[in-house]
Each structure stands twice: as C-alpha cells, then as structure tokens.
**Q** 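Take this structure first; my questions come after.
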Amino acid sequence: MSGQTQRLNVVPTVTMLAVVKARLIGATRGHALLKKKSDALTVQFRQILKKIVSTKESMGDVMKASSFALTEAKYVAGDNIKHVVLENVQNASIKVRSRQENVAGVKLPKFEHFSEGETKNDLTGLARGGQQVQACRVAYVKAIELLVELASLQTSFLTLDEAIKTTNRRVNALENVVKPRLENTISYIKGELDELEREDFFRLKKIQGYKKREIEKQLAAARQFSEEQFAEKVSLQKGISLKSAHNLLSATTEKDEDIIF
C-alpha cells in the first residue's frame, strides 16, 4: 500500500493538524512504553525458562529417589503398608495456595505449598518398616514441592508468552501501521495547507491587479473628463470648434513633451 493511501480521511485544517500531531505524540510515547514492557517481560520470560530447565533436571533425580524409597518401604514393611498409612491419615498435611505477582502490568499466578496441622509419625503395626516409610514420605514431600514449583513456573511461562505476543503485536501495530499513517496524514495536511496558502497568495495578486486596473481606468476616465472640460472652455474662449480645441491642446502637449526631452 502506498504512502498516499496510508493516511486518515480528515479535513486538511490547522486544527486537525494539531489534533493529528497530538495523536502522533501519544502513539510515540505508547510505542516506547510498550517496547520497554516487552523487554521487561522478555527478561522475566528467559529467567523463568532457565528455572524451568533446572527444575526439570532436578525433578528427575527427586522422582527417582522417591520411587526407590517407596520400593524400599514396600520391601521392608510388606504389602500392607498402604492400608496402615491410609488409616493414619485424616486430612492432607501439605496444601497448595495461589497468589498473583505483578510483572510490568502482567499478573502472573504463583503457587505455594504449605503445611497445615501436625504430621503424625506414629506408624503402629509397621514395626521396623516405620522408619523407612518416614524416609519415603520425606522423599515424596520433596517431589511435591518441586511439582508445585514447576507448575507455578510453567503457568507463569504460558501467561508471559501470551502477554509478550500481545504486547509485540501492539508494538508492531504502532510502529508499522499507526505511526506511519499519522505521519502521512500530517504530511498530507501540511501539503494541502501550503497549497491553500499559495492559492490565497495568487488570489491576492489577482485582486491587486484587478484593483490596479480599475484605478487606472478611473484615472484615465477622470483625465479624459478634465480634458473634455478644458477643451470646452478653450473653445468658448477662442470661439473655435470643440474638435479644433482638442487638436490645439494635443499640439501644445506634444510641444511641451519635446521641450522636456
């Protein structure tokens, strides 16, 4: 699309020029702010990505250790471990709560784990397997903590990704569509105003020329009228015809001009 078509359909006036200039200033400031916001979100995005990678790497080791601890507990305590553990558990001791963190105007969800109530360590009936079950529990608590952290990071990652895409679309729209359109509109209005100024100047010159010609006509008519009056006066004084008086005046005028030159 050419620059002539990428402009607003406005009336080229001085007032509209001021309005479009104000809009261009606002668009420029908005573009700068959105650019800074995009950069801040990108920095936070990369930090979260690094944390996700490190958390997933440690997640493999933790899950492997917890699975191995469960196998050891089953080997020591026997197959009835599930029933005994379920009998000793009334409510969940580890819970998850959510909150929001504001990053450059974007609200990122954060998940946190917390313990509620006291954890019972009395595993009656497991004999020597109770200690191993506790070790298994500790291993799985670490796994849950990492899972909660990973879920928080991945949720923030997806939210930031969508926010960055939206912000970049707005930045590109301001940079490639809105600002060029406003600049072309300003150029169009300035061109039209200059053309109107040239038209006014030409019109004034025409009016001045017309007035000058009218004044010259009026002066010529007044001169002719005065000559007619003077010729009539001369004809009455000398008793000659009006035509002879005109010829006499013409001859006198030519003689005076010859003397001057």
Side-chain angles (χ1 to χ4, degrees), residues 1-46 102-108 158-232 246 249-250 252-254 256-261:
M1 187 177 292
S2 63
Q4 294 297 327
T5 56
Q6 285 186 350
R7 62 175 176 82
L8 301 177
N9 188 12
V10 296
V11 179
T13 59
V14 178
T15 305
M16 186 56 65
L17 178 62
V19 171
V20 177
K21 282 185 177 180
R23 291 180 62 181
L24 180 60
I25 292 173
T28 304
R29 291 178 180 175
H31 175 265
L33 291 175
L34 286 176
K35 189 66 177 176
K36 291 180 180 179
K37 178 181 178 180
S38 177
D39 295 338
L41 293 178
T42 303
V43 171
Q44 188 71 18
F45 183 80
R46 291 175 180 174
N102 193 345
V103 177
V106 179
K107 295 181 179 180
L108 301 179
L158 294 176
T159 305
L160 272 179
D161 184 48
E162 188 65 28
I164 289 173
K165 288 180 181 178
T166 303
T167 305
N168 287 336
R169 282 197 295 268
R170 292 175 180 174
V171 170
N172 293 332
L174 286 172
E175 184 175 356
N176 300 319
V177 178
V178 177
K179 289 179 64 179
R181 185 175 296 173
L182 293 175
E183 290 171 355
N184 290 335
T185 304
I186 291 174
S187 300
Y188 163 72
I189 294 176
K190 285 183 177 179
E192 290 295 321
L193 291 177
D194 292 340
E195 186 66 26
L196 290 175
E197 186 176 355
R198 286 191 292 270
E199 289 179 359
D200 291 338
F201 181 72
F202 181 75
R203 188 181 300 111
L204 288 175
K205 287 184 66 177
K206 285 289 186 182
I207 292 173
Q208 288 178 354
Y210 175 76
K211 288 182 177 180
K212 186 177 180 180
R213 289 193 298 272
E214 289 294 323
I215 292 173
E216 289 176 352
K217 288 180 180 179
Q218 292 176 1
L219 290 175
R223 190 181 302 113
Q224 185 178 3
F225 179 76
S226 62
E227 289 177 354
E228 290 287 340
Q229 292 292 327
F230 188 70
E232 289 180 0
H246 277 293
L249 290 175
S250 299
T252 305
T253 303
E254 289 176 0
D256 292 338
E257 289 180 355
D258 294 337
I259 292 174
I260 293 173
F261 287 105

**Q** In Å, rounded to the nearest 0.5 Å, how long is the span from CG of Leu41 to CD of Glu162?
**A** 12.0 Å

**Q** Side chains of Ile186 and Lys190: closer than 4.5 Å at any heavy-atom pair?
**A** yes

**Q** Answer yes or no: is there an ion pair linking Glu195 with Arg198, defined by an N-O contact shorter than 4.0 Å?
**A** yes

**Q** Starting at CG of Leu24, measure out to CZ of Arg29 and round the result to the nearest 0.5 Å.
**A** 11.0 Å

**Q** For Val10 and Tyr188, work out which heavy atoms get closest and say how close.
**A**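 Heavy atoms only, the tightest pair is O-CE2, 4.1 Å.
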
**Q** Can you tell me how far the NE2 atom of His31 sits from the CG atom of Leu33, to the nearest 0.5 Å?
**A**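 It is 10.5 Å, given to the nearest 0.5 Å.
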
**Q** If I take atom CZ from residue Arg169 and atom CG from residue Leu34, how far apart are they, to the nearest 0.5 angstrom?
**A**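 Arg169 atom CZ to Leu34 atom CG measures 12.5 Å (nearest 0.5 Å).
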
**Q** Can you give me the closest heavy-atom contact between Val103 and Gln44, atom names plus distance?
**A**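 That would be CG1-CG, 4.0 Å.
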
**Q** Any side-chain to backbone donor/acceptor pair from Thr42 onto Ser38? Under 3.5 Å, distance only.
**A** yes

**Q** Which pair of non-hydrogen atoms, one from Pro12 and one from Glu192, has the smallest distance, and what is that distance?
**A**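 Reported closest heavy-atom pair: CB-CB, 3.5 Å.
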
**Q** CD1/Ile215 to CD/Gln208 distance, rounded to the nearest 0.5 angstrom?
**A**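 With rounding to 0.5 Å, CD1 (Ile215) is 10.5 Å from CD (Gln208).
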
**Q** Mind running side chain to side chain contact (heavy atoms under 4.5 Å, CB included) on Val106 and Lys37 for me, showing each step along the way?
**A** CA-CA 10 Å; Val106 179; Lys37 178 181 178 180; 4.0 Å; yes

**Q** Taking 4.0 angstrom as the limit, do Lys165 and Asp161 come out as a salt bridge?
**A**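 Yes, this pair counts.
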
**Q** Quick one: pull up CG in Leu204 and NZ in Lys211 and give me the separation to the nearest 0.5 Å.
**A**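 Separation between the atoms: 9.0 Å.
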
**Q** Would you say the side chain of Leu193 lies within less than 4.5 Å of the side chain of Glu197, judging by non-hydrogen atoms?
**A** no

**Q** If you look at every heavy atom in Arg23 and Leu8, which pair is closest and at what distance?
**A**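 Closest heavy-atom pair between Arg23 and Leu8: NH1-CD1, 3.6 Å.
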
**Q** Using a strict cut-off of less than 4.0 Å between a Lys/Arg side-chain nitrogen and an Asp/Glu carboxylate oxygen, indicate whether Asp39 and Lys36 qualify as a salt bridge.
**A**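 No, Asp39 and Lys36 are not salt-bridged.
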
**Q** Evaluate whether atom NZ of Lys179 has more than 12 neighbouring non-hydrogen atoms of other residues, nucleotides or ligands under 6.0 angstrom away.
**A** yes

**Q** Could you pull out the closest heavy-atom pair between Leu174 and Gly30, with the gap in Å?
**A**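 Minimum heavy-atom separation between Leu174 and Gly30: CD1-C, 4.0 Å.
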
